[in-house]
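Working notes, beginning with the structure itself.
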Protein chains: 2
Amino acid sequence: MPDEALRPRKSPQQARSVATIEVILQAATRVLTEESLSGFNTNRIAQVAGVSVGSVYQYFPNKAALVTTLIERTQTSLADAVDLCVARSQGKSLAAVLLELANIAITHQFGNPVFAAALDHEERRLPLGDVLNHAQERLITSIQLLLTEHRQDIGAPLPAAAAVDCLVIVKALVESEASRVVPDLDGLRERVVRALHGYLRQPGSKDSSESAPDTLS
Amino acid sequence: MPDEALRPRKSPQQARSVATIEVILQAATRVLTEESLSGFNTNRIAQVAGVSVGSVYQYFPNKAALVTTLIERTQTSLADAVDLCVARSQGKSLAAVLLELANIAITHQFGNPVFAAALDHEERRLPLGDVLNHAQERLITSIQLLLTEHRQDIGAPLPAAAAVDCLVIVKALVESEASRVVPDLDGLRERVVRALHGYLRQPGSKDSSESAPDTLS
DNA sequence: AAAGTATGCGAGCCTTCGCTCATATTCGCT
DNA sequence: AGCGAATATGAGCGAAGGCTCGCATACTTT
């Protein structure tokens with residue numbers, strides 16, 4: 001259940017208003033893609049969408065809610081891809097799955113780099129309590145599942161913490177490469193796998209004798 | 001040589017103006033620490049400093065210049081610490097040095113978490129071309145030196161890329177933990193070392209036969 | 001058709017905030 | 001003391017931009 005301040009002001013009941021909402025969200029995406037955060041204001045979004053500002057505020061209580069919807073959508077599509085990848089990973093080697101995950105992350109970021117970077121920025125700025133956390137939890141759960149399946153190859157003691165760390169590491173490496181002038185995607189892919197594989201395979205430094213498989217927060 | 005738009009408007013010539021500049025910077029730090037980015041505007045900074053806005057703009061051409069000075073200072077102190085650590089690392093094991101570096105990063109971030117997080121945010125937002133890059137280059141150079149010294153323990157082929165990746169990974173893990181409600185610094189330290197050590201020790205996937213020691217951008 | 005509801009409109013209100021400038025004060029120097 | 005330079009002041013300008021509200025239009029229902 002989303003934050004009170006982010007809940008839609010009213011729900012669309014006719015087909016045209018559903019279309020309007022879609023147009024607004026696509027316009028927001030376009031603005032973010034073409035002008036990054038500099039021209040990203042509600043008036044501009046409305047202008048690009050070909051609707052009035054009033055219409056924007058008919059369904060989004062504020063700008064943050066609009067951005068949150070955008071974030072939610074991209075995060076969900078990412079989580080879907082990861083879910084699918086992990087679900088199909090039976091029998092594959094850990095290294096192979098990590099490579100696939102790296103590819104998903106890279107595609108996600110480099111498919112629309114400016115948009116992705118801008119959203120990352122907003123993600124940090126906004127206090128999206130539950131919303132982001134939901135997609136984030138899905139990601140963590142998927143990775144945790146993967147780690148548990150391959151626990152014999154893994155030195156990291158706590159799957160929960162390791163899953164979070166893996167996500168953090170991938171995100172950081174990918175974003176770092178995205179900020180480069182001439183990104184080297186092949187090199188990046190290789191380095192992401194190296195980082196993940198290295199982190200996971202590294203033998204436990206403490207009580208690796210004790211196994212704590214299901215440590216969900 | 002700093003960006004034109006960031007150069008000080010005039011240099012202080014009397015003792016009192018030097019003090020004023022210091023008071024302003026300390027006030028900015030306090031505002032950032034106590035109110036994060038929400039109250040971080042030039043009027044507030046001046047108020048907290050006990051000077052007028054005019055005085056702020058006497059020595060800083062704009063707000064970005066002020067923030068940049070703040071960033072420069074903290075980055076420099078971090079680079080100093082890393083430099084020193086690497087310089088004293090002769091004879092120590094790679095793992096030992098990585099642990100020290102992890103501690104430096106953790107101390108740097110958790111000494112004043114709100115301030116550090118806020119500065120991180122500004123760092124990404126501002127176009128600080130040369131300024132940040134200088135301290136950043138120092139960090140990269142130091143780490144590169146360390147990696148080259150321990151190249152027999154390291155599988156990563158390119159010291160330059162590996163150094164950047166190490167910095168990115170550490171920063172991401174530390175910031176991630178900093179955003180937690182109850183940070184676990186001991187666990188973090190351990191995981192940072194695991195990530196670095198894992199990334200570095202992992203054998204090269206491609207032509208690890210070819211050694212490219214000095215690959216500076 | 002008429003009434004009722006949903007959707008769309010956009011000028012402009014209002015707040016925030018970076019920054020200026022005319023004026024006042026203090027300092028260094030002879 | 002007196003003069004010029006350096007420093008400090010703070011009311012307020014102006015731009016940016018989130019958001020409202022009264023009204024117009026379109027659709028649905030009876």
Side-chain angles (χ1 to χ4, degrees), chain A residues 3-28 31-32 35-70 118 121-122 125-127, chain B residues 3-28 31-32 35-70 118 121-122 125-127:
Chain A
D3 210 337
E4 178 64 30
L6 298 180
R7 269 226 300 277
R9 186 158 295 183
K10 71 172 66 167
S11 300
Q13 315 220 354
Q14 301 175 6
R16 57 178 173 150
S17 58
V18 177
T20 301
I21 292 179
E22 212 50 44
V23 165
I24 290 169
L25 288 171
Q26 281 171 11
V31 172
L32 228 36
E35 309 171 33
S36 190
L37 283 163
S38 59
F40 190 62
N41 60 70
T42 53
N43 293 300
R44 181 95 185 96
I45 294 170
Q47 184 192 21
V48 169
V51 302
S52 75
V53 228
S55 293
V56 173
Y57 284 91
Q58 200 88 34
Y59 301 101
F60 300 99
N62 49 51
K63 193 188 172 188
L66 200 163
V67 179
T68 302
T69 304
L70 241 40
H121 203 265
E122 291 295 87
R125 195 177 58 84
L126 293 175
Chain B
D3 210 337
E4 178 64 29
L6 298 180
R7 270 226 299 279
R9 186 158 291 185
K10 68 172 69 167
S11 300
Q13 314 220 352
Q14 301 176 5
R16 58 178 171 150
S17 58
V18 177
T20 301
I21 292 179
E22 213 51 42
V23 166
I24 291 169
L25 289 171
Q26 282 171 10
V31 171
L32 228 36
E35 308 170 34
S36 189
L37 283 163
S38 59
F40 190 61
N41 59 69
T42 53
N43 292 301
R44 180 96 184 94
I45 294 170
Q47 184 192 21
V48 170
V51 303
S52 74
V53 226
S55 292
V56 172
Y57 285 91
Q58 200 88 33
Y59 301 101
F60 300 99
N62 48 51
K63 192 188 174 187
L66 199 163
V67 179
T68 303
T69 305
L70 242 38
H121 202 266
E122 290 295 85
R125 196 177 58 83
L126 294 175

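The figures that follow rest on heavy atoms only: side chains count, while hydrogens, waters and symmetry mates do not. So that the names make sense, note that chain A is the first sequence line, chain B the second, and so on, each numbered from 1.
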Working for side chain to side chain contact (heavy atoms under 4.5 Å, CB included), residues B:Leu32 and B:Leu70:
CA-CA 11 Å; B:Leu32 228 36; B:Leu70 242 38; 4.3 Å; yes
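- Judged purely by atom type and a 3.5 angstrom limit, A:Thr68 uses its side chain to pair as donor or acceptor with the backbone of A:Ala64.
- A salt bridge (charged side-chain N to carboxylate O under 4.0 Å, His left out) check over residues 42-65 of chain A, counting only residues at least two apart or in different chains, returns the pairs A:Glu35-A:Arg44.
- Scanning for side-chain hydrogen bond (donor to acceptor under 3.5 Å, both in side chains) contacts around B:Gln58 gives an empty result, with sequence neighbours left out.
- Side-chain atoms of B:Ser55 do not come within 3.5 Å of backbone N or O of B:Val51 as any donor-acceptor pair.
- The side chain to side chain contact (heavy atoms under 4.5 Å, CB included) with B:Ile21 is formed by just one residue from the set B:Ile24, B:Val18, B:Leu25; it is B:Leu25.
- Rounding to the nearest 0.5 Å places OH of B:Tyr59 at 14.0 Å from OG1 of B:Thr69.
- First and last contacts of DNA chain C with chain B, using any nucleotide atom under 4.0 Å from a protein heavy atom and ordered 5' to 3', fall at C:dC17 to C:dC27.
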Could you run down the sub-3.5 Å N/O contacts of the protein with nucleotides 28-30 of chain D?
none

Going through the distances and angles, do A:Thr42 and A:Phe60 end up as a side chain to side chain contact (heavy atoms under 4.5 Å, CB included)?
CA-CA 11 Å; A:Thr42 53; A:Phe60 300 99; over 6 Å; no
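- Note on B:Thr20: every side-chain N or O is 4.0 Å or more away from OP1 and OP2 of D:dT7.
- Residue pairs meeting the side chain to side chain donor-acceptor pair (under 3.5 Å) criterion with at least one partner in residues 18-27 of chain A, sequence neighbours excluded, are A:Glu22-A:Arg73.
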For nucleotides 9-20 of chain D, 5' to 3', base contacts (B), sugar-phosphate-only contacts (S) and non-contacts (-) with protein non-hydrogen atoms under 4.0 Å give BBB-----SBBB
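- Every residue was checked against the salt bridge (charged side-chain N to carboxylate O under 4.0 Å, His left out) condition with A:Arg16, not counting sequence neighbours, and none meets it.
- Within the nucleic acid shown, B:Tyr59 comes within 4.0 Å of sugar-phosphate atoms alone, with no base atom in reach, counting heavy atoms only.
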